[in-house]
Amino acid sequence: MPAPLLSSAFRPFYLLGALYAVLLTVAWLGAYLGAWDVPSVGTPLRLWHGHEMLFGFAAAIVTGIVLTALPSWAGTEEIRGKRLALLVILWLAGRLAFWAAPWLPPLASALVDLLLFPAAFLMLAPQLARASNRLYLLLLPILLALTAANGVYHAGILAAHTHLAGLGLRGALYAIIVLYVLKGGVLTPIFTGNALRETGRGQQAPFNVELEMLAAGVVLLLAALDLAGARPLWIGLAALACAIVHAARAARWQGWRLHDVPLVFVMHLGFAWLIFAFALKAAAELAGLVPEAAWVHAFTVGSLGLMMLGLMTRVSLRHTGRPLVVPASMKLAYGMMFAAALLRLAATVHGLGDWAIVLAAVLWGLTFLVYFTVFGAMLVRPSLPRAGGVD
């Protein structure tokens, strides 16, 4: 039997992801305030920061979420032991290579950093090909898209072409949004339906195939138009369509009925921020009412941050055999993440100054420090006995 830390993907990847979030916060804040430089080989700080937020921190958490969920939801074999150790080593190697880039041959850092998602693809492809639900095969092109986006980023850096590098980061952002829409759009209504029944407040909304396909389709359309550099009018209309479709989708789930069930309500808050992000994208493209960066912060801090914290809490509790009761400190972390998103958005839209940006970053980093403090010991110890069930 593998050691507890390698018995399930959420354990090492949540642990490392939370620690890396704190490290990135400190490193970026120091560089932003001029206290030190990050090892970036002339890369602008915003690109350095964007890469490690997506391909460092987010890659760890997303990998942990997906690999832990697949055995329960798709019936695949759990990746654990030596295979899981290999993925963890590849993630760590990518981080070490990225930070050591100034002292490595130009291509070495890029090649090492590109290994994680192809390795995950090779492990998952045979399993997903045998899964009875063919929809899980959609994960494979998302992994390829993340690999390609990372490759574009590194190509841009090697060529000193910052626009190309930024385009790679934008591609990765859209790949994560598509995964968020697909996976979050399954988990959120199911967990909501369970909670509605348990509290006697209603039933789960019936699955609407046409709406689900439309929800994914409009995001893919927005991504294609934005990455291709289409006219702002078309990008803005696609973003507006995303906001409308996803608002209709989320409204069917009746999340407001569970405002007192934090483990579920935090997921609905994540979707609310996603809808808001699409609306901000539309406002930026159609009328220039807000800076274009506003929608990125609304998604990455508000939507992705809250959904990650919610799922990390649920998985860490359930898969270590503990009851699904959110610790008070994690409720505080949810509030801090929400506040961080509001503050970062306000700083972007209203130009509040460095103090607001710094405070938002501190709040964001503290949420993952709280998670590590609460769950770190659980992740490295054997699970308690628990009842079966799907999570």
Side-chain angles (χ1 to χ4, degrees), residues 2 4-21 23-24 51-74 76-98 112-128 136-151 153 171-184 186-187 300 304-305 307-316 319 368 371-372 375-376 379-380 391:
L5 190 60
L6 295 177
S7 63
S8 189
F10 77 94
R11 292 174 176 271
F13 280 114
Y14 287 6
L15 189 73
L16 291 170
L19 284 174
Y20 199 54
L23 172 62
L24 280 179
H51 182 275
E52 285 308 276
M53 284 295 292
L54 294 174
F55 293 106
F57 160 72
I61 304 302
V62 167
T63 301
I65 290 173
V66 170
L67 295 186
T68 303
L70 283 175
S72 294
W73 294 87
T76 59
E77 177 190 355
E78 185 156 23
I79 292 177
R80 58 199 308 184
K82 293 180 180 179
R83 290 190 299 165
L84 178 56
L86 174 60
L87 293 178
V88 172
I89 290 170
L90 292 179
W91 182 86
L92 285 169
R95 310 289 53 77
L96 291 173
F98 192 85
V112 174
D113 186 49
L114 283 166
L115 294 175
L116 174 63
F117 289 124
F121 178 95
L122 292 174
M123 289 184 190
L124 290 174
Q127 296 187 11
L128 295 178
Y136 286 105
L137 287 169
L138 293 174
L139 175 61
L140 299 180
I142 293 174
L143 292 175
L144 292 178
L146 286 168
T147 303
N150 202 9
Y153 169 85
L173 183 66
Y174 277 118
I176 291 173
I177 292 175
V178 172
L179 180 61
Y180 185 109
V181 166
L182 292 174
K183 185 168 181 60
V186 171
L187 299 181
T300 54
L304 190 61
M307 184 64 76
M308 281 181 169
L309 284 177
L311 288 176
M312 290 168 72
T313 304
R314 175 181 289 273
V315 170
S316 299
H319 286 257
F368 292 101
Y371 171 84
F372 177 80
F375 292 105
L379 297 178
V380 299
D391 29 28

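What you see below is based on every heavy atom in this structure, not just the backbone, and it leaves out hydrogens, waters and symmetry mates.
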Roughly how far, to the nearest 0.5 Å, is [atom2] of [Y] from [atom1] of [X]?
| X | Y | atom1 | atom2 | result |
| --- | --- | --- | --- | --- |
| K183 | L70 | NZ | CG | 6.5 Å |
| I89 | L116 | CD1 | CG | 12.0 Å |
| Y371 | T313 | OH | OG1 | 7.0 Å |
| L173 | T300 | CG | OG1 | 7.0 Å |
| L86 | L6 | CG | CG | 11.0 Å |
| L87 | L115 | CG | CG | 11.0 Å |

Inset, instruction - Show your reasoning for whether side chain to side chain contact (heavy atoms under 4.5 Å, CB included) applies to I65 and F13. - result: CA-CA 9 Å; I65 290 173; F13 280 114; over 6 Å; no

Kindly indicate whether the side chain of [X], heavy atoms from C-beta on, has any atom under 4.5 Å from the side chain of [Y].
| X | Y | value |
| --- | --- | --- |
| L96 | V112 | no |
| H51 | N150 | yes |
| L182 | I142 | yes |
| T76 | L124 | no |
| L15 | L5 | yes |
| L379 | F372 | no |
| L179 | L139 | yes |

Inset, instruction - Test I61 against L311 for side chain to side chain contact (heavy atoms under 4.5 Å, CB included), laying out the working first. - result: CA-CA 10 Å; I61 304 302; L311 288 176; over 6 Å; no

Inset, instruction - Start with the C-alpha distance between L309 and F368, add both sets of side-chain angles, then the distance that settles side chain to side chain contact (heavy atoms under 4.5 Å, CB included), and finish with yes or no. - result: CA-CA 8 Å; L309 284 177; F368 292 101; 3.9 Å; yes

Legend entry - Test side-chain contact (heavy atoms from CB on, under 4.5 Å) applied to F57 and L24, L16, L19, the passing residue: L24

Legend entry - Ring centroid separation F55 to Y153 under 6.0 Å: no

Identify the two heavy atoms, one from [X] and one from [Y], that lie closest to each other, and give their separation to 0.1 Å.
| X | Y | value |
| --- | --- | --- |
| P12 | A9 | CD-O, 3.4 Å |
| A149 | G171 | CB-C, 4.0 Å |
| E77 | Q127 | O-OE1, 3.0 Å |
| L143 | A120 | CD1-C, 4.2 Å |
| E78 | S8 | OE2-OG, 2.6 Å |
| L140 | L128 | CD2-CD1, 3.8 Å |

Inset, instruction - Return the orientation label for the W91 and Y20 ring planes: parallel under 30°, perpendicular over 60°, tilted otherwise. - result: perpendicular

Inset, instruction - State which residues pass ring pair (Phe, Tyr, Trp, His ring centres under 6.0 Å) with F10; sequence neighbours excluded, sorted by chain then number. - result: Y14, H319

Inset, instruction - Could you check I177 against L304 for side chain to side chain contact (heavy atoms under 4.5 Å, CB included), going step by step and ending with a plain yes or no? - result: CA-CA 9 Å; I177 292 175; L304 190 61; over 6 Å; no

